> 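I'd like to ask you about the structure that follows.
All figures in this text were calculated on a predicted structure; none of them were measured in a lab. Below, chains carry the letters A, B, ... as their sequence lines are ordered, and counting in each starts from 1. Atoms considered below: every heavy atom in the structure, side chains included; atoms not considered: hydrogens, waters and symmetry mates.
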Amino acid sequence: MDKVEIRVSYFASLRDQAGMAEEKVALVSCSVFEVYQMLARKHKFDVAGRFIQYAVNSNFVDRDYVVAAGDHVVFIPPVSGG
Amino acid sequence: MEIQFSVVSNEIVPVVLANEAAGAVVTFEGRVRNHNDGRGVDRLFYEAYEELALSEGNRILTEAERRFDILKIVAIHRVGLLEIGDVAIWMQALSSHRKAAFDACEWAMDEIKKSVPIWKREDYSEGNPEWLKGESIVSADTDRYDRQIRLPEVGCDGQAKLHAAKVLVVGAGGLGTPAVEYFVRAGVGHITVVEPDFVDVSNLNRQISYGFADVGRLKVDVLHRRVQDIDHSVEFVPVAEKLDEINVEALVASHDLVLDCTDDFAAKYLMNDACVGAGVPLVTASIHRWQGQILVVDRGPCLRCLLPVPPPTFCVGTCEEEGILGTVAGFFGILQANEAIKFLLGVDGGLSDTFLAVDLRDYSVLRINRPVRSECPICSTGQMTSLDSDIEVELCTVVGGAGIVFVDVRQTPSPQELMDLVTDCVVLGSVEEAVERGAEQIVLVCQRGRTSLRRAFCLRDEGVRNAYSLVGGIDRLMKERDA
Ligand SMILES: [Zn+2]
């Protein structure tokens, strides 16, 4: 299957754990949840995918949203500091 | 001049106003008495919002002249320091016949006490002088709010709205302290602060209302004094308690707006649910190192629309663990106060369907549109599909199954009432008991099916995978029984 290229941004603790604010990823099109699972393994994220808020192109999406080429995906982990 | 209201700082010298048609002259003197509410009073200090006092006083006297058959009415209110026996207010009404002058004086005095912005401080014999709000609508001086009243979005109307507003601030830490101080300076009339903690020396880098000398003291007490130093006319209610399922509803329902300044997900979701239920807007913020986020819940999407259940606390860092710079906390606390003030003024902030995050290290800004999710357990009646979609059950699908146990999880449980509604089923008093018995399915029941759903999620996260919530709760059971 052809791969699609997407842009991924990390937020809050994910940014710290990934050691970067964003990266470009080429992958076989799948859901944002699966994209997260893949990148979580790569960066050793400690937040479970069920607690991530997924945004694509400035809109929050369900976790089964399937990414398309050129999508800008943002992973937002829960943040509670105050 | 047939009517005149004036404010003076010198002693009032009573006179009799001349008018040949006046068959009656009624004079009233309000004097400083030596006691109030059983306490000995040494002297009084009156302060006026002079511009408004004059216009309001004259409006009342004009109305008195219209209502009663009088020839003339004049009133003088004294401000400054008054001793026992001094005349604080002097009023004289002239009429052809005495009844009109008596009535006009009495009515005008009542109105002046009710709405003219003059307030007093009583100095008691035993100490602790106290500012009394009196019965005035505005207790402030014009100069204090002058710079914001000049804004077209504020004006005198807006200032009065802020004065009448009641805000609830939950958490008096890095977000809460700057927010409260800006509320006070903006003239928000009533502020309730919920915070059970004591000042720790490690709080001082960001919790701006506390000083070194306050370490070890109750935060709400220190904040109370700080607020009074800035503006003693603010009504400040300290609540030295943790927000919980028992106190949240009454606290939220008695305020116009809620500011979530906590670092605790359970508290955030408690406020979310109570605010959506009561129709009270919620301004919530969270910070993580250099980043912070803010959103407003107001008749649009709520926190559960973003993430249906609060994540377990272990997967979220706190300022304690992650570190935080005071300026970052302050920035977002002020942003919250800014959103709240805009809401109270009726200025749309644009954050009620948006998630805004700002990184203060590189100034990147993230704005994401938030939709209302159909599977949100609070905003819609739809079932949750994204997480544990089997968690909600209906009576007809569970009744008759072996090993099914019902538990009443309402604040004041009534197992007997539940038993009458789910005849032939096992009803137990606690979840623990149900777990001990090795029940196959534990069905939680509350009044409307919301508390039970929240509780069922919590239980599942704790490992009780067979926890369920009865859709619609007792209300629905009763409806079905009566149908
Ligand atoms: Zn919602």
> Could you tell me which portion of B:R367 (side chain, backbone, both or neither) has an atom closer than 4.5 angstrom to a non-hydrogen atom of chain A?
backbone
> Given a strict heavy-atom distance threshold of 4.5 Å, which part of B:T354 is in contact with chain A: side chain, backbone, both, or neither?
neither
> At a 4.5 Å cut-off on heavy atoms, which part of B:D260 comes close to chain A: side chain, backbone, both, or neither?
neither
> Please flag which part of A:F33 lies under 4.5 Å from any non-hydrogen atom of chain B: side chain, backbone, both or neither.
neither
> Would you please indicate yes or no on a ring centroid separation below 6.0 angstrom for A:F45 and A:Y10?
yes
> Between the side chains of A:K24 and A:E5, is the shortest nitrogen-to-carboxylate-oxygen separation below 4.0 Å, so that they form an ion pair?
no
> Would you kindly say whether A:D71 and A:N57 are connected by a side-chain donor-acceptor distance under 3.5 Å?
yes
> Would you say that more than 12 heavy atoms from the other residues, nucleotides or ligands in this model lie under 6.0 Å from the CG of A:D2, or not?
no
> Measuring heavy-atom distances to chain B, does A:V61 have an atom under 4.5 Å in its side chain, in its backbone, in both, or in neither?
backbone
> Which class fits the ring pair A:F60 and B:F355: parallel under 30°, tilted 30 to 60°, perpendicular over 60°?
perpendicular
> Examine whether an atom of A:I52 lies under 4.5 Å from a heavy atom of chain B, and if so say whether it belongs to the side chain, the backbone or both; otherwise answer neither.
backbone
